[in-house]
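Order of the sequence lines fixes the chain letters, A, B, ..., with proteins taken first and strands second; residue numbering starts at 1 for each chain. Because the structure is predicted, anything quoted here is derived from the model rather than measured.
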Amino acid sequence: MSAIHQILSTSISSSASAFIGGHTNLKSATKSSNFAVAGKISGVVKCVASAAEKTAYTTKVSRNENMAKLQAGYLFPEIARRRAAHMLKYPDAKVISLGIGDTTEPIPDVITSAMSKRSFALSTFDGYSGYGAEQGEKQLRAAIASTYYGDLGIQEDDIFVSDGAKSDISRLQVLFGSNVTMAVQDPSYPAYVDSSVILGQTGQFQKDVEKFENIEYMRCTPENGFFPDLSTVRRTDIIFFCSPNNPTGYSASREQLTKLVQFAKENGSIIVYDSAYAMYVSDDSPKSIFEIPGAKEVALEVSSFSKYAGFTGVRLGWTAIPKELLYSDGFPVAKDFNRIVCTCFNGASNVAQAGGLACVSAEGIKAMHEVVGFYKENTSIIVDTFNSLGFKVYGGKNAPYVWVHFPGQSSWEVFGEILEKTHVVTTPGSGFGPAGEGFIRVSAFGHRENVLEACRRFKQLYK
Amino acid sequence: ISARELEHIKKYPNAKVISLGIGDTTEPLPDVVASSMANYAHSLSTRTGYRGYGAEQGSKELRKAIAETFYKDMGIKDTEVFVSDGAQCDISRLQLLFGSKMSIAVQDPIFPAYIDSSVIIGQAGDVEKESGSYKNIQYMKCEPENSFFPDLSKTGRTDVIFFCSPNNPTGHAASRQQLEQVVRFAQENGSIIVYDSAYAVYISDESPRSIYEIPGAEKVAIEVSSFSKIAGFTGVRLGWTVVPKELLYSNGFPVINDFNRIVCTCFNGASRIAQAGGLASLSKEGFKAVISLIDYYKENAEILLETFKSMGLRVYGGVNAPYLWVHFPGSNSWDVFGEILEKTHIITVPGSGFGPAGKEFIRVTAFGQRENILEASRRLRSFL
C-alpha cells in the first residue's frame, strides 16, 4: 500500500498538501517532455523542438461567437486594472477610490452577529443545516416580502433570494433565452448589455455608434431629464430599467413610471426593474415598480442587500416575480424562473441569509438606514463640491452616484486626467453606454475623510 | 420524491422515516471551520476588518490553497482556479460559456444538472417522449456489463464530454487507465472534457482524484469541484472550477479568458464568509477535521454495502463514493422505491431519475447520522 493510502486509512496528522502530494505521476516531468528533445553536441545540450510540437494543441471546439462580440473586459475590472497600474506608478500617492461602487463602512453589529451566530450553529447538532431551498429560506422570503412590498401585494412565494443582482440578471437572461429583444437605458449598468450579448440576443458591436445591433438604447440625458422619450423607443420583449439609476443617479417619478408601465402594457413587454438603490430615495419617487398600478402584469423586480447593508462581499439579493406576470401563452414567468433557480443555482449561502434576516428586523432596518444615510451625506459633499466648481451636476439626490458633465470631452480622458492629477479613481461615463460620453460618475462610497480629501483635490484641480 | 415522502408521512404518522435519498450532508461543521466563518463575519463590522467586493475569481489565498491541496505537482496554478458558489452554478456558467451550438455527451446514468442545463441553454434538441432522451445528447451507457465505464468506441464525437468520477449515482471511480482512454478520446476528437470531481475525497483505492493526473489533460479538460461533500458546505455554498491556460478553442483562443469574462459579468464572487470557511477547511487542523467527517460517511457506506451484500443483492459503488447503486434486475425503480418506502420507511432515489440506464437501480446515500444508518440497515435486512 502506498504511503498516501496509509495516510488515508488512518486519521490525518499531516497537512492538507501531503494528502495529495504522494502522486508519482508528476505533471512537471511530463510537461517538459512534450516540448523538447535534448540532444548533446560536443558537451553542449541543445534543445530541439520537432515541427509538430511548435504550434500548441487546440481542441476542435469553436469559441462561442457571442463571447467574441464583447469588446473588452467587463467595465469594473478594467477600472481596477487602471487603478492598480496607477498605484504602481505612484507608490507613495494616496489613491482614493470613488470609482467602483463598493461599500466601505462596516456592517452593523446586529447583522454580523446574526451571521456569526449562524456560523457557530452550523457546528452544532441542532443548528446544522445542509441544502436549503433554492428559492431561499422561508422566513427570509416572508420578511423581504413584508418589508419591501408590504402593501403592494407581493408575497413570500413571489420572492427568490439570490447571491446578488448581478447573478440574477444573468439567470433572468438564461430564462428569457436568445430569441428575445431588449431595451436598456443609455447609460446603464453594464451587466444588462453584456449578459444580453453573452446569451446571443444581440448582433455585432457597431464601433461608430458604440452600440450592439439589436439592442434598443433608450437615451437618458440632461435634455430629457434622464427619462427616455418612450415615443421614440421601438418595441422590445424585455425592458431593463434601473431606478434610482446607476450611473446617472436619476430616480423616475410616479408619473414617469406610470408611463413606463403603460408602454410595457401596450407592447406586451416585460420590465426588469432594478431597484438596488431604492433605499437612497430622498423624495417621493417610488421605491418599487409595484407601486404603479398594473405593474404586476408587466414587471419583475431585482434588488440587493449590497448597497443597503454593505453586503457587496457577503452576497445576497432577491428577485420578485408576481404571479400575474405571464408569457404570451399564459404560462407564468415565475414557474420557469423557479426551474432556472432549481437547476442553475443552489441557493444563497445560509450564513448570508441569516444576515439578511437580521437586516430586515426592526433593528436591522434602522441600522441600514444609518449606513445609507452616511453615504447620502458623502453624496451631498461631492455634489456641493462640483456645484461650487461650476460644473453641471446630476444625480446625487436619490442615489449614491454623482453624474458630472464635462461637455465635449472624452470621458476616458477626463477619467485619466483626474486619476493622474488627483489620484482619485472615478468611472468614465462612456463605460455605461454612448450617452455616457462626456460624463464622469463619482461614487459616494468611502470613508468620510477620504471623500473630504478627494473633494479638496477636485477643488485644487478645477479651481 | 418529496411528494411521495409527504404522502407516506400522512399515511404512517408514527413511522420514523429515514432519508437515504437526497445526497445531503448531515454532520455539523468542524469547530475550526465554523469559528473561522463566525470570526470573519464579526470582522466585517469593524473598520479595519470590513471588506466590500472581492475578486470575482475568489480570494488569492483560497485559490492558492485549493491549487496546493488538490493539484499539487499537477501544474495547476492558483490563477487557473475560479472559486464559486458551488458546482451546480459552475455547470450552468460553463454552459453559458459554451453557448447553444455545442454538442454534449454525458454518462448514463448521471445526476441531472448537466442535461438540464444543456436543455435550458438550447443545446439538447427535442426530447424523445418514450425514452426521455434528448436528440442532440450522446448518452454514454454505464452499467454492470461494462463495469460502469462507457465503451468509447460506440460514442460519437461531441464538443463537450461531461464526466463525473467518482460517479453520482453509480459510485464508480474511473481508473487511471480508463481516464487515459477518456483523455485520448478527447484528444482524438478535439473535445473538451468537463470533469466533475466533487466526490474525489471519497476515493479509497488508487483511482485518480483529478483529471490532471493524466498527462495531456490540461489541454483538453476543465475540472469542477465543490466543498459541499468535502466540508459539509451544502448550505454554505462554495466550490471551484479549474480552467488550465493550455485549454484552447479551435482558433487558439484560451478558454480561460472567456470563462474569466463570464465570471466577471454573470457572477460577483462567492460569499467572503464562505471563502473564509473554505480556507479554514484546508488548513492543517481544518483538513484533518473534514477528513474525519468524510471517513464517517465512508464508514456509513461500508455498513450499507455490507447490508445489501448480506441480502444477496447486486450492489455497486459505496467504496469510492458516498452512494450505493443497488440493482433490482427486471424491476421498475419507482416500484422498488415505493416498496422500500412502504415496508421500511426509508427514502431512496429511483435510478430512472438519473437516466434510462438507471431504470432497474436504486441509489442509496451514505450521508446520515450513524444511528439512522444502523437503523436503516436493520430495517433493510428484515425487508426481504
Side-chain angles (χ1 to χ4, degrees), chain A residues 11-12 15-17 20-21 23 25-28 30-31 56-64 66-67 70 74 77 102-103 106-107 109 112 115-116 119-120 122-125 128-132 163-164 166-167 170 174 178 191 194-195 198 312-315 343-346 349-352, chain B residues 24-25 28-29 31 34 37-38 41-42 44-47 50-54 68-70 72-75 85-86 88-89 92 96 98-99 116-117 120 159 190 192 213 215 219-220 234-237 248-253 258 264-268 271-274 282 284 287-288 291-292:
Chain A
S11 54
I12 287 221
S15 72
S17 53
I20 290 295
H23 288 285
N25 188 13
L26 292 177
K27 208 53 193 328
S28 42
T30 321
K31 264 187 150 169
Y57 167 88
T58 73
T59 64
K60 290 197 184 108
V61 178
S62 302
R63 183 185 182 204
N64 183 345
N66 296 325
M67 297 302 296
L70 293 168
Y74 186 63
D102 194 6
T103 47
I107 298 174
D109 276 330
T112 52
M115 296 195 291
S116 290
S119 299
F120 277 125
L122 291 171
S123 65
T124 68
F125 179 75
Y128 180 77
S129 58
Y131 284 118
D163 64 319
K166 201 179 196 198
S167 306
S170 282
V174 171
S178 56
D194 287 7
S195 59
I198 289 172
T312 41
V314 175
R315 308 310 315 146
T343 306
C344 307
F345 186 52
N346 228 330
S349 177
N350 49 16
V351 175
Chain B
D24 195 4
T25 46
L29 300 183
D31 281 334
M37 284 165 43
H42 174 74
L44 293 174
S45 61
T46 68
R47 192 165 149 121
Y50 179 75
R51 297 287 181 274
Y53 284 118
E68 270 159 32
T69 305
F70 300 104
K72 201 173 176 66
D73 300 326
M74 290 181 221
D85 59 329
Q88 185 145 297
C89 308
S92 282
L96 211 52
F98 294 138
D116 291 355
S117 58
I120 286 171
D159 296 303
I192 295 178
E213 289 187 38
K219 298 190 179 111
V220 298
T234 41
V236 175
R237 309 308 317 144
L248 309 175
Y249 287 116
S250 54
N251 65 356
F253 193 86
D258 274 352
C264 291
T265 308
C266 307
F267 185 51
N268 229 332
S271 175
R272 283 184 179 272
I273 300 172
L282 298 181
K284 188 169 167 163
F287 203 67
K288 188 174 169 198
I291 291 295
S292 58

_Per-residue contact mode, Ser250(B) against chain A (heavy atom under 4.5 angstrom)_ = both
*Measure distances from Asp85(B) to the heavy atoms of chain A and classify the residue's part below 4.5 Å as side chain, backbone, both or neither.*
side chain
*Work out which heavy atom in Lys166(A) is nearest to a heavy atom in Phe267(B); give both atom names and the distance.*
NZ-O, 3.1 Å
*Counting N and O atoms only, with roles assigned by atom type, does the side chain of Ser349(A) sit under 3.5 Å from a partner on the main chain of Val236(B), one being a donor and the other an acceptor?*
yes
*With sequence neighbours excluded, residues passing side-chain hydrogen bond (donor to acceptor under 3.5 Å, both in side chains) with Arg51(B)*: none
*For chain B, which of Ser178(A), Ser167(A), Cys344(A) has the most heavy-atom pairs under 4.5 Å?*
Cys344(A)
*Identify which of Asp163(A), Thr124(A), Thr59(A) forms the greatest number of heavy-atom pairs closer than 4.5 Å to chain B.*
Thr59(A)
*Relative to chain B, which segment of Ser170(A) carries a heavy atom at a distance below 4.5 Å: side chain, backbone, both, or neither?*
side chain
_Option that, when pairs with chain A are counted at under 4.5 Å, heavy atom only, ranks first among Asp159(B), Leu44(B), Leu96(B), Val220(B)_ = Leu44(B)
*Could you tell me which portion of Val351(A) (side chain, backbone, both or neither) has an atom closer than 4.5 angstrom to a non-hydrogen atom of chain B?*
side chain
*Tell me, out of Arg63(A), Met67(A), Arg315(A), who's got the most heavy-atom pairs with chain B below 4.5 Å.*
Arg63(A)
*Side chain, backbone, both or neither: which part of Thr265(B) has an atom under 4.5 Å from a heavy atom of chain A?*
both
*Please list, chain by chain and in numerical order, all residues satisfying side chain to side chain contact (heavy atoms under 4.5 Å, CB included) with Thr312(A), sequence neighbours excluded.*
Asp102(A), Thr103(A), Ser306(A), Lys307(A), Tyr50(B), Tyr53(B)
*Where Pro28(B) and Tyr128(A) come nearest, the two heavy atoms and their spacing*: CA-CD1, 3.6 Å
*Highest number of heavy-atom pairs under 4.5 Å with chain B: which of Thr58(A), Asp109(A), Val174(A)?*
Thr58(A)
*Considering all heavy atoms of both residues, which atom of Met115(A) and which atom of Ala41(B) are nearest to each other, and what is their separation?*
CB-CB, 3.8 Å
*Can you tell which of Ser271(B), Gly99(B), Gly252(B), Ala274(B) has the highest number of heavy-atom pairs within less than 4.5 Å of chain A?*
Ser271(B)
*Where is the tightest heavy-atom contact between Leu248(B) and Tyr57(A), given as atom of each residue plus distance?*
CD1-O, 3.5 Å
*Residue pair Ser119(A) / Ala34(B): nearest heavy atoms and the distance that separates them*: O-CB, 3.3 Å
